[in-house]
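Some notes on the structure that comes next.
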Amino acid sequence: MNVKKDTCSVRMDFEDNRVLALLIGEHNQNLAHLEQRLDVSLNSFGNSIKIDGKADAIKRTQSVLKNIYLTINKSGAGELDAPMIDDFVRWSKNDPDALFTLNNGGALDTWKKKIVAKTKGQRAYVDLLKANEVVFGLGPAGTGKTYLAVAKAVESFKKRKVERIILARPAVEAGERLGFLPGDMKEKVDPYLRPLYDALYDMMPAEKVDRMLTNGEIEIAPLAFMRGRTLSESYVIIDEAQNTTPIQMKMVLTRLGQNSRMVITGDLSQIDLPHGQPSGLADAVGLLKNVAGVGIIHLSGDDVVRHPVVARILSAYESGQTPKNEPK
């Protein structure tokens with residue numbers, strides 16, 4: 001990159017060369033990606049990175065580099081890829097100091113990797129998961145509400161704080177009618193639980209997931225079949241809970257037994273219940289907001305950690321969409 005006359009230079013020094021190496025990336029690929037996103041020139045020398053560019057771009061780049069470095073150093077994360085870099089760049093746009101609070105806690109420890117909260121909202125969500133017996137995680141797709149819940153469940157099982165993980169969701173099609181599904185109960189419900197399975201396989205060896213499914217340490221529990229049970233020593237995740245009715249939600253919340261935790265996730269803008277049918281998730285959040293031991297968080301487009309275009313798509317929808325089963 002050619003340095004123009006209205007540019008200046010700043011050098012940043014870093015103490016830990018191992019962390020710095022992860023930040024820079026193999027063959028400087030992370031620095032090259034940052035150059036494209038931040039309109040600066042970056043060169044590494046020993047334990048330093050030299051930044052050339054306009055003053056405002058340099059200030060933003062310093063914030064991004066510092067936050068990436070601190071996050072890797074504090075969390076123990078072992079890799080940094082282009083999507084993660086894009087997240088840091090996007091978050092720095094409005095508030096250069098927004099990520100400093102993310103480095104005050106540890107990662108969620110699973111068998112395959114450590115899961116790090118990447119936004120202020122996700123950090124607050126993880127804190128709620130640690131502090132409360134029941135947590136409601138609301139927000140649009142890509143905010144990590146289900147993924148982080150599974151990570152916390154896996155960590156709790158790994159540390160022997162619970163004896164099993166229970167996954168459930170209402171069997172309501174997303175605007176489609178799939179008709180008769182063949183197979184036993186697990187085979188009928190599995191298609192609805194793919195996001196939960198995907199998260200499990202991302203955090204645990206496949207053979208361990210399969211063995212735990214076989215011996216019941218991971219249980220697939222269709223929401224309609226949970227009535228009458230007491231779920232003790234368990235980490236329970238109710239996904240897509242916007243599609244529960246108030247009666248179903250009350251039923252599942254009162255299943256919680258001794259030494260158990262429950263996370264209820266959902267997106268109130270994606271309700272697939274029949275027109276006019278109230279959502280049990282919305283009802284519960286309104287009723288339980290001041291109940292001790294219950295944590296509620298509303299994640300937003302700022303917490304989306306998928307492709308950057310997803311956040312822009314969600315913003316466009318949120319600006320002009322109401323839940324489709326509610327009157328406009």
Side-chain angles (χ1 to χ4, degrees), residues 83-84 86-88 90-91 93-95 98-99 101-102 105 108 115-132 134-153 167-170 172 174-175 192-196 198-199 202 235-244 249 252-253 261-273 278-289 294-326:
M84 291 174 65
D86 289 337
D87 290 337
F88 281 101
R90 177 167 55 83
W91 299 325
K93 184 176 182 180
N94 297 320
D95 186 355
L99 291 182
T101 57
L102 298 182
L108 296 173
I115 309 298
V116 182
K118 297 180 181 179
T119 71
K120 290 178 69 176
Q122 287 191 353
R123 179 68 225 179
Y125 182 35
V126 171
D127 288 342
L128 285 180
L129 293 174
K130 293 178 179 179
N132 295 276
V134 177
V135 174
F136 289 87
L138 292 80
T143 52
K145 57 187 185 295
T146 299
Y147 190 81
L148 289 172
V150 174
K152 183 58 180 170
L167 312 175
R169 58 157 288 176
V172 177
Y192 298 102
L193 294 164
R194 283 322 313 175
L196 297 170
D198 291 343
D202 196 37
Y235 208 104
V236 185
I237 299 174
I238 311 299
D239 196 32
E240 299 290 344
Q242 74 274 5
N243 291 326
T244 61
M249 180 59 71
V252 74
L253 286 170
R261 297 280 176 132
M262 181 178 290
V263 185
I264 301 99
T265 66
D267 179 0
L268 290 176
S269 71
Q270 297 291 327
I271 298 173
D272 299 303
L273 293 167
S279 167
L281 178 60
D283 182 64
V285 168
L287 289 171
L288 304 177
K289 58 185 177 182
V294 175
I296 300 172
I297 190 166
H298 295 264
L299 301 170
S300 69
D302 291 335
D303 300 301
V304 171
V305 293
R306 292 179 180 172
H307 193 286
V309 74
V310 174
R312 298 193 292 271
I313 291 171
L314 286 169
S315 179
Y317 270 95
E318 289 171 355
S319 64
Q321 185 184 56
T322 57
K324 61 184 178 182
N325 75 328
E326 294 183 6

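The structure presented is a predicted model; accordingly, all values stated were derived computationally and were not measured.
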- Message: With heavy-atom distances below 4.5 Å as the criterion, would you say the side chains of Asp283 and Pro278 are in contact?
- Response: no
Rounded to the nearest 0.5 Å, how far apart are [atom1] of [X] and [atom2] of [Y]?
{"X": "Leu129", "Y": "Gln122", "atom1": "CG", "atom2": "CD", "value": "11.0 Å"}
{"X": "Arg169", "Y": "Leu196", "atom1": "CZ", "atom2": "CG", "value": "8.5 Å"}
{"X": "Lys145", "Y": "Ile297", "atom1": "NZ", "atom2": "CD1", "value": "12.0 Å"}
{"X": "Leu273", "Y": "Thr244", "atom1": "CG", "atom2": "OG1", "value": "7.0 Å"}
{"X": "Leu148", "Y": "Leu108", "atom1": "CG", "atom2": "CG", "value": "6.5 Å"}
{"X": "Tyr125", "Y": "Thr265", "atom1": "OH", "atom2": "OG1", "value": "6.0 Å"}

Between Ala241 and Ser279 the two heavy atoms that sit nearest each other are O-OG, 4.3 Å
Under a 3.5 Å distance rule, please check whether [X] uses its side chain to pair with a backbone N or O of [Y] as donor and acceptor.
{"X": "Gln242", "Y": "Gln270", "answer": "yes"}
{"X": "Asp267", "Y": "Ser269", "answer": "yes"}
{"X": "Asn243", "Y": "Pro170", "answer": "no"}

**OP:** Using distance alone, with no hydrogens and no angle criterion, decide if Tyr147 and Asp202 have a side-chain donor and acceptor under 3.5 Å apart.
**Re:** yes
Using the side-chain contact (heavy atoms from CB on, under 4.5 Å) rule, take His298 and Val285 through it: C-alpha gap first, then chi angles, then the decisive distance, then the call. CA-CA 10 Å; His298 295 264; Val285 168; 4.3 Å; yes
* Chi angles and distances behind the side-chain contact (heavy atoms from CB on, under 4.5 Å) call for Val252, Val236 -> CA-CA 10 Å; Val252 74; Val236 185; 5.5 Å; no
side-chain contact (heavy atoms from CB on, under 4.5 Å) with Ile238: of Leu281, Val263, Leu167, Ile264, only one passes, and it is Ile264
